[in-house]
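Supplied in structure tokens, the structure appears directly below.
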Amino acid sequence: MRLSEAWMYRVKAAQRDLIEACGTVRRIEERFNFGKSTVGRWTNGGDPTLMPIEAVVALESECGVPFVTTVLAELQGRRLSDPGEDAAGDVCVMTSHAELLRSAAELTTGLAMAIADGKVTPAEASSIDKVASKMQTAMADMRSALATIKARGGVNASLRLVNED
């Protein structure tokens, strides 16, 4: 696969995740005045249509998660940072850990089933990619919680933040 194809699949997966995070296609149609077929093309991995920047900005503002922006930064070897990382103290490290393990198990199972016959189809790859996206979010939540724990000087035995407000 050429780099440009891999790049396109990453961006298309981020678009799909962004649209799912913002609700139904109908909601996006009504709230943002994008047509159903347009939104459908954005979520279709086989269609080369990319979201215009104003759509990315509007939808990422709506859901509060920079799905597409993060992928674009990663493709350039960059990472986004969240200015509100201290708010991550509300994320429980144990909950984050459990979600990460659940996602890892789901990814392992899905991949094992896909490669059992010696090949991975585009449909299987799309399904596995959805799970990988959930795992990436779980990993980000866990890293954020751990950063907050380090910044606040640790946790007590119940794994709650020591300096909770």
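Start at 1 with the first residue, then count along the sequence.
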Original post:
Can you name the nearest heavy-atom pair linking K12 to N44, along with the distance?
Top reply: CE-O, 3.0 Å

Subject >> L59 side chain reached by Q15 side chain, heavy atoms, under 4.5 Å >> reply: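 Q15 does not reach L59 side chain to side chain.
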
**OP:** I would like to know whether E30 and R26 meet side-chain contact (heavy atoms from CB on, under 4.5 Å); could you show each step before the answer?
**Re:** CA-CA 6 Å; E30 294 169 357; R26 177 173 297 281; 3.4 Å; yes

**OP:** Report yes if the side chains of L111 and E124 come closer than 4.5 Å at any heavy-atom pair, otherwise no.
**Re:**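 They are not in contact (no side-chain heavy atoms under 4.5 Å apart), so the answer is no.
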
Original post:
Side chains of T70 and R79: does their closest heavy-atom pair fall under 4.5 Å?
Top reply: no

**OP:** Only pairs at least two apart or in different chains count here, so list each ring pair (Phe, Tyr, Trp, His ring centres under 6.0 Å) that has a residue in residues 95-131.
**Re:** none

**OP:** List for me each residue that meets side-chain hydrogen bond (donor to acceptor under 3.5 Å, both in side chains) alongside D47, sequence neighbours excluded, and say none if there are none.
**Re:**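 Applying side-chain hydrogen bond (donor to acceptor under 3.5 Å, both in side chains) to D47 gives T49.
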
**OP:** Verify whether one side chain among T69 and E60 offers a donor that lies under 3.5 Å from an acceptor in the other.
**Re:** yes

Original post:
Going by distance alone, is a donor N or O of one side chain under 3.5 Å from an acceptor N or O of the other, for E99 and S103?
Top reply: yes

**OP:** Return each pair, listed once, that meets ring pair (Phe, Tyr, Trp, His ring centres under 6.0 Å) where at least one residue sits in residues 38-59; pairs must be two or more places apart or across chains.
**Re:** F34-W42

**OP:** Taking the side chain as every heavy atom from C-beta outward, state whether F67 and V71 have any atom pair closer than 4.5 Å.
**Re:**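 No; the side chains remain at least 4.5 Å from each other.
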
**OP:** Report the C-alpha distance between S96 and D141 in whole Å, list the side-chain angles of each, state the deciding distance to 0.1 Å, and finish with yes or no for side-chain hydrogen bond (donor to acceptor under 3.5 Å, both in side chains).
**Re:** CA-CA 6 Å; S96 300; D141 288 347; 5.4 Å; no

Original post:
For S61, which residues count as a side-chain hydrogen bond (donor to acceptor under 3.5 Å, both in side chains) partner, sequence neighbours excluded?
Top reply: none

Subject >> Partner residues of Q136 under the side-chain hydrogen bond (donor to acceptor under 3.5 Å, both in side chains) criterion, sequence neighbours left out >> reply: E74

Original post:
What residues, two or more places apart in sequence or in another chain, satisfy side-chain hydrogen bond (donor to acceptor under 3.5 Å, both in side chains) together with R41?
Top reply: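 With sequence neighbours excluded, R41 shows a side-chain hydrogen bond (donor to acceptor under 3.5 Å, both in side chains) to T38, given in chain and number order.
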
